[in-house]
Each structure stands twice: as structure tokens, then as C-alpha cells.
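Reading through the C-alpha cells given below for one structure.
Only this structure's heavy atoms are used, side chains among them; waters, hydrogens and symmetry mates stay out.
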Amino acid sequence: MAHTMLQGENAAYLEAVLEQYLADPGSVDPSWRAFFEGPGRELAEGPAPVAGPSFESRSLFAPPPVAGPQAAASAADLSLLRSQGRIFQLINAYRVRGHLQARLDPLGHEQPVRHLELEPDYWGFSEEDWSRTFSTATLYGPQQMTLRELHAWLRETYSRTIGCEFMHIHDVRIKNWLQERFERNKNHCALDHDTQVFLYEQLCKAEAFEDFLHVKYRGAKRFSLEGAETLIPLLGLTIEEVARRGVVEVVIGMAHRGRLNVLTNVLGKRQRSIFSEFDDTTPEEMFGRGDVKYHLGYDSDVVTRFGDEVHLTLAFNPSHLEAIDPVVEGKVRARQDRRGDTARQRVLPILIHGDAAFAGQGLVFETLNMSALDGYTTGGTIHIVVNNQIGFTTLPRDARSTVYCTDVAKMGQIPIMHVNGEDPEAVAHVARIAAEFRHTFQRDVIIDMYCFRRYGHNESDEPAFTQPVMYDAIDTHPAVHEQYRELLLARGRITKAEVEEMENRLLVMLESELDEARQDGATAKADTGFRGVWRGYLGGPDADAPHVDTGVTEEEFDAVVAGLTTVPDAVHVHPKVKRLLARRREVVDPEVPIDWGMGELIAYGSLVRAGHPVRMSGQDCIRGTFSHRHAGVFDVRDQSLYLPLAHMAPEQGRVEIYNSLLSENAVVGFEYGYALNAPEALVIWEAQFGDFANGAQIMFDQFISASEDKWNRLSAVTLLLPHGFEGQGPEHSSARLERFLQLCAEDNMQVCNLTTPAQIFHALRRQVLRKWRKPLVVMTPKSLLRHKRAVSHRPDFVGGRFRRVLPEETLPSLANVRRAVLCSGKVYYDLLERREAMGDDTTALIRVEQLYPFPEAHIREALAALPRVDEVVWCQEEPENMGARTYLHPLFTRMFDGGPAVRWVAREASASPATGSPKAHRIEQEDLLDRTFDTSHLRSEGI
């Protein structure tokens, strides 16, 4: 708009605008046209000003030099033009910076600082200008106002109890849309009687629940919502508004603060269940499992005041702040995909944050960065920041370098509405805008609700130790429901009798629920999690997992290979990729070797042809870090992507393969969340190198390994982690196998280190075809991707099955075998080549392909074919304190208690996984092999 160009006073520009208007009124900006047709009518109807000297070289508000009557008239005209330009600048200043003077803090501690650009005198207006009338046509409000009226109007709109940040957005359509919503009613919304009562009732419910818990369970941790009770009506109104626009499912992620209140007053969880969790009457049922009450999730069907049905889910959550964010996004994306909701209008994510966590946790940035990416978008998230203005005992001045905790979100062109939580009607207004914005633009939006925390970090904490002034004010600060009650009483919207009836009814209900909980005498049974889309799937022990055949028929093998290697003529294929496809086409011949990349793709192709969805994401996973996969073909002329897997059969499963953003934590969380709601799908995250996976350690520790034990929630997410010691240094050698094995217990997940393309084929198919749903962690190869011996052939895929242990396969006879070397992964091929070079027929090589669940029976079966074995060796490339050694030691100690002797071969214990010297690596590797095949200790023992 014209006023946005006025960075300094430029008389030549003003003269040009007037001349342009006189020549063609329709050619100038509407704001100037409105001015010339209103307050500037006389100027437009008079003679055009005589051209004079430029104002560019003079100070901002210096008057023009006078040179005769005509020049004086011209100066007056230009003064009027300049004043109008300053009006437009004042309006723009409030849109950009009005939030800085908004009254956001309910405690009044953070008083708005006077900002010069928001004062008329900064723009050169004097006292006599306050009564002058100006055009305000740039507003979505009155088109003419006096300066005094305009200033009051702008303060009411942009500096009241709502502070709006939106002028950082590049898209003019969005800015104009937001300006209209903020300005058409001066950032107020007209609430009917029922909605005002609804607001009050929700506030009462929130406060009554917290008061009741405080009395009945004094000192117990509950992470109270008190001080931020307006969150409850905010959620209620938001859900109503999105439901009116077609949303049928809402998935909510939040931390522990206020979670119990949300569970009962938003999702409708019975209070008796929560009281039973406080009473904790059946501890014997929870040994080693479960989670604290303020981490638990819940789902329910609710009906809004307007009759719309909505399914609500509150995701289970660990204490790790913001860790739930990408998980919720993944859950929502899976639900949208299941519904065929490509417009992303039916399922909505709502993320509730704390102010300190939003500013402090990098996962917030990673999740925001996903919001507009094709592979991860959910059509916009409504973010709600419960801004307590404190993090545990840390004040904002010590917790962030920005004015607002939400400043990081500006990078995503996201509108931010700061609001005082003790103005419930302002909160209702921003809730409506947020819901409409998300529906209209399919983008994220943020509500930053300023409030406070009435108690310490938890109810047994003493906050006055560290914030004495703040908590002195909080101690005497009235609850928000009391303040709103007085407002409604003054308006005549509610009577004292109605207030008393409502409050008494809530107290009676809570007492009744407590009585019911204690009469039942038992905590509500844990939700099995195996209903809805999970009906028919299994968790629990590995022994209960049904056996499935994972091979394919001859006809199916041919069809899959044909689909994978066929590309339309219209796609211009890179010459090297064309040759690769030609070689892959030849694997239908039983004599032609199949490498790892093709074995993997045959698994995906066979699954999607059978109707199973396949989703994979990770850094560079379309091509593969090591250029081995080529799941997609990029046209060399226009760089468009053709996915052969998406064209395997007319009625096939959905295929999604995405190169991810450069993040581990958020992407793993997203794929885990997706797998939670897509049990029928193969959902894969691949690390660029397995070493980088530890960037997602929170997801492995808190969710993937523990969700069944803590929350009875199953997931079959698959992790492909390139792993192997090949002289590439300490950051490109180890996927930290030992850490995954340390997490293994109760058959919670599967950990494999595979050695052949057929094994990855069968492992991936087994992950989908059997109904047992557990995470799968695979140490995938690097050099083996092109190793001449790490290949399989057609018969290994036709028929065949996944083998947890691969016994000795290459020795012509087992009669002379005295030593069994057990190993896993790439080192097998090094051992094999050394044995052949030595001509050793006394050593058998047994590959433990699945490390967990521990395949004891399969190992015993492999050893049973070697009756003369005197020694068992575990050989690993990893240092002694890493890899599988520590995990296996107690298992082997028990398993071989009666013999044979067990010897351990590994690199020396090290603080770092691998050397940075390629030559040192080769020396270490040779030493590893020497020690494995060493017989000196056997000779000394007379063996």
C-alpha cells in the first residue's frame, strides 16, 4: 500500500501521487484515493502544486522554503499531503509494534513500555492536530477520524489485552485477512449470552477441580492449572470453532501442567478415574510398568454445543518438554491419510506449550520447520502457549534472548496473537480467529496466553524462595473465574442464584465421583490400546507372535521386478540410472545376484502390491546415502520425480518416500507418531549414517522402547541405521548398537544386524505380515551394499523366510570344526575371507542376525550341528564396551555354563567408537581377525 513506501518524507513523491490522482483517480492506491475524496478534497479540486525543490535533502519534518504566495500555497498543500502520509505511517506502526504496548501480564509486573513510534508526536503532529480529521481508508474500520479518535481506536485494537504480530508475514493476502479480523471490531468479538455463560462455567469447572484436588490430596503432585484456568474455555471454544468448519478429529499434545484438568474438563475423563489414580490402591498391578497420572493420554467422543461430533485424543507424554510435538504431527498425518483427507481439513493437531519450553527446546523449531513440507504437513497446527512467565524457577530474562517466547515462530511466517489470559472474551476472540485462519490458509497459528502459576513447579515446591515479589502478588490475586463472574453480574448476564447453583453442583459432583472411586476400591484398568485400527494386532511376548511365511511366489517376484524397473518413456532417465534399472531387470534370472538395494525394493514392491502402505523418510533416502536404493527416478530435464513403487498395481497400497529435513529428533518422532496410527503400514525412518541417530535419543528412550510398558501403546516403526567399521572415523562407524540393546527388555522391540539382501527382504515383510507389532531396529550395511559376496538370488525370495541365526554355510564338511565364531553384521565377511585365506576348516562362522529378542534356541540349533566344538568366540568390530558384548555376556554365561568355553574378541575399550586414521583402522581390523583365529591358548591347554 502507498503508506508502506513512506520511509522518509519525499515531497516529490507526494506531488507525484497528487498528479497521478488528478490524471486518473483509479490509478492510485485506494488509501490515497479515499484521502483525496475526503479530507484532501480541496487539495484535489484546486490547482496542482507548482513544482518546487525536492524535500529529500532536508530533515524529516522541516517546512519547505517560502518563495512567494504560490509557493506558500504549494507548501500548505504539501503539508496536508505530508500529514496524511504520517497518518498512514502511524497506522502501520500500530500494526507492526502495537503489541509492545499491549496489557498482557495479568499480574501487572511487566508494564508496557512507551514506544516512540506509537505516539503521534513522533510523526510530527502537534496538539492542534488532535482535532483534525484525516482519511483512515487503510483501516478495516472508520474511513475518516480525527487524530484523537484514531489514536484511541488504534490503542484499543492493537494495544489492549491482545497483541498481534503478523506484519512479518510476506503474503499480502494473509496480512490483509488478519488486518480485517483484527480491525473490523477493534479486536473485540460479540459474544452471545450462552457463550458468556459457557466461558464462566468452563472457568468454574477448571477452578473447582483444582481446588478439590488441593483439599483432598494436599501436597500430592498434580501440576495445577491454577493461574491459567482460561486454557479450558480456550480449548473448548477452539474445538467448537474447528468442528463447525468440518474437523472431526482433534489430536492434542501437551506437557504435564494442567493435563489432569484438560483430561476431565475437555476430554471428559471421569473424575473418579483420576481420583483412583491418586489413591493408587493396586500397586501390585503396576510393578515395573505404567506412568504417572499427569503423563497419561486419553481419547473420547464429544458433542459440542452446536451438535458437532468430534473425536478428541490427548497423546501420552513423557516429562521431556516438547518431545510430543512431532509425535502428534505424525499421528495426525496418519489419520488424515487413512481418511483420504488430502485437503487436511478433517483432522487437526493442537499443541500446548509452556513459555520456557517453547523458547528453549530446539524441537519446537524442528517441528515448526516441518509444517509446510510435503512429507510432513498436516494442514496447519494451532499452537497454544500457556505463558506462566516462568520456567521452574527461571524468569524469562534468564531463559531467552528475545522479547517473546514465540519469536522463533516468525521464521515460519506464522501469525502470533498474544493475549491476557484474564480477559476471557479476548481469549475467545483469538480462538475464533485462530480456528478460521487455520481452516482458510492451512497454516500454523499461535495463541500466546499470558497467565501465571499459582503454586511452585509442583504443589510441594516453595516458589517464594526464588520469586518472592511475584508470589507476593500471586497470593492476593483473585482467580479469573471470580473476576469474570463479577463482570457478568454487573452486565446482568447471570444472577447470584445461578452462580451459587453452579458452584454447588460442581462440588456435589466432585464429592460423588470421589465416593464412587473409593467405593470401587480399584484403579481403572489400563486401556489395552488394541481397539479401533489396532483391533486384531498383538503385543506382548515374542513367543506369542504368530509365524508367517514371508516369501513370494514366482509370479509375484516377476511382477514386482517388472514394476520396479519400468519407467514411462516420457521420463528422461539419467544414463547411469538407466543402466542400473537394466541390471535390476535381469534378477529374474536365478543365476543373477541381487544386491541389498534391490532386495529392499522387492520387499516394498511386494507389500504395496498386496495393499499394504509403505512410508519412508530420512535424509537422502530416495536415492540412499550411498546411492544404493534409487527408489525414485529424477527426470534429468525438469527434475520431476517418478516413483516406480507408486505404479505397481491398480489397487495397491499407498507409497510415500520423502527426503527429510536435516533433523533426526523431529523426523523420528513424526514417523513414530505416524506408526502409532498406521498399524497396517510399513513405516521407516532411515538415518543418513547410524551415528547421527543419537540426535533422536529422546525418541528412542522415552517413546519407541518404552511406550508399550508405560502406556500400553504399540508401534511397529522401523529404523534403518547404517553401521559398520570401515575406517571412516568415529562419527561414521557406529549406530551405537549397545544403546539399543541396553533398552531391550520384555520383548519390547527387535534389534537386527543383517548380512544378506534376502534377510532384509524377509525382515521387512515379517514386520508387516505378522500381527505382532513391535519396533524394528536394523543395523544396515555400507560397504556390503556393493560387496560381491553380500548378495542373494531369486530362490532366496521365492519361498524362504527370515532366519534369526544363519548357521555355517560354506565349509564343505563340519567334521573338523572345533571352534564356533559367533558374530553379527559386516565382520562376518572379513572373518570369512580370513578363514579362506588360512585354509582353516576347524572354525565355523555363525551369524546372529537378530540380537533381540535373543534367539537362544536358534543358536543352540546351529551349534548342535557342530558336536566337536571346544570353544565359542564372540567376535565384534566395536570396542569391548560397545556393540553387543555387554548385552551378550550374561546371556552367554548362562547359556554356556556347562561349556564350551567362551572367548570375547573386540577392539579395546574406548571412549570413542573408532579411530580417525584409515591405516590405524586396518591395523586394528587385522589384529581383530588374528585374535579370533588364534590357537595358541588352545595349544597351551592341550586342546
Side-chain angles (χ1 to χ4, degrees), residues 1-7 9 13-46 48-49 76-99 101 117-160 162 164 166-167 169 172-190 429 433 436:
M1 302 179 78
H3 62 279
T4 63
M5 301 172 62
L6 296 176
Q7 300 303 317
E9 291 297 310
Y13 167 73
L14 298 175
E15 293 167 359
V17 171
L18 177 56
E19 291 175 357
Q20 183 180 349
Y21 174 80
L22 293 173
D24 178 8
S27 66
V28 300
D29 185 273
S31 60
W32 282 112
R33 189 164 62 249
F35 167 70
F36 291 129
E37 292 171 357
R41 183 181 298 109
E42 291 184 6
L43 183 117
E45 291 174 352
D77 294 340
L78 286 172
S79 175
L80 179 58
L81 277 171
R82 290 206 316 275
S83 295
Q84 185 60 55
R86 294 167 188 165
I87 289 292
F88 294 153
Q89 289 180 297
L90 177 63
I91 292 170
N92 192 58
Y94 266 90
R95 287 171 173 164
V96 175
R97 297 188 178 85
H99 56 87
Q101 290 193 171
E117 289 182 67
L118 303 180
E119 299 301 329
D121 57 4
Y122 175 83
W123 301 102
F125 292 106
S126 63
E127 190 66 32
E128 63 187 30
D129 294 318
W130 284 85
S131 299
R132 292 176 60 191
T133 299
F134 295 93
S135 169
T136 55
T138 58
L139 295 174
Y140 291 93
Q143 298 298 286
Q144 294 185 30
M145 282 187 272
T146 65
L147 178 58
R148 179 174 288 103
E149 292 169 339
L150 174 62
H151 189 241
W153 191 97
L154 291 171
R155 289 180 62 83
E156 180 71 9
T157 303
Y158 287 111
S159 300
R160 188 174 51 90
I162 299 174
C164 308
F166 64 101
M167 294 297 282
I169 297 172
V172 174
R173 281 182 319 118
I174 294 176
K175 281 198 289 193
N176 289 342
W177 187 94
L178 289 166
Q179 284 171 193
E180 181 182 2
R181 296 312 182 276
F182 297 147
E183 295 176 1
R184 62 188 178 189
N185 292 307
K186 294 194 290 187
N187 245 341
H188 288 265
C189 64
H429 181 50
I433 293 174
E436 188 183 2

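Residues satisfying the ring-ring contact (aromatic ring centres under 6.0 Å, His included) test with W177, not counting sequence neighbours, are F437, F441. The side chain to side chain donor-acceptor pair (under 3.5 Å) search around E180 returns none, not counting sequence neighbours. In this view, F182 and F166 satisfy the ring-ring contact (aromatic ring centres under 6.0 Å, His included) rule, not counting sequence neighbours. Remark: E117 engages R97 in a side chain to side chain donor-acceptor pair (under 3.5 Å) (not counting sequence neighbours). Applying the salt bridge (charged side-chain N to carboxylate O under 4.0 Å, His left out) criterion to R160, with sequence neighbours excluded, gives E156, D423. Listed by chain and number, the residues in a side chain to side chain donor-acceptor pair (under 3.5 Å) with Q101 amount to none (sequence neighbours excluded).
Looking at I87 and F125, their side chains come closer than 4.5 Å, going by heavy atoms from C-beta outward. You'll find the side chain of T157 stays beyond 4.5 Å of the side chain of R95, heavy atoms only. Between Y94 and L118, the closest side-chain pair of non-hydrogen atoms falls below 4.5 Å. Using a 4.5 Å heavy-atom cutoff, the side chains of L147 and R132 are not in contact. N187 is listed as a side-chain neighbour of C164, based on a closest heavy-atom distance under 4.5 Å. Counting only heavy atoms from C-beta outward, the side chains of Y158 and E183 approach each other to under 4.5 Å.
Distance check: Q89 CD to T138 OG1 gives 11.5 Å after rounding to the nearest 0.5 Å. The CG atom of D121 sits 8.0 Å away from atom CH2 of W130, with the distance rounded to the nearest 0.5 Å. We find the CG-CD distance between N92 and Q179 to be 8.0 Å, quoted to the nearest 0.5 Å. Note: T133 OG1 to R148 CZ = 11.0 Å, rounded to the nearest 0.5 Å.
A pairwise comparison of heavy atoms in S159 and G98 identifies OG-O, 2.7 Å as the closest pair. For S135 against F88, the heavy-atom pair with the smallest separation is O-CE2, 3.9 Å. The shortest non-hydrogen separation linking W153 to G141 is CZ2-CA, 4.2 Å. Of all non-hydrogen atoms in G124 and R86, the two that sit nearest each other are O-NH1, 4.2 Å. L90 and P120 get closest at one heavy-atom pair: CD2-CG, 4.4 Å. Scanning both residues, E149 and M145, for their nearest heavy atoms gives OE1-CA, 3.5 Å.
Here the side chain of T136 pairs a donor or acceptor atom with the backbone of Q143 at under 3.5 angstrom.
Using modelled atom types and a 3.5 Å distance limit, the side chains of Q20 and S27 yield a donor-acceptor pair.
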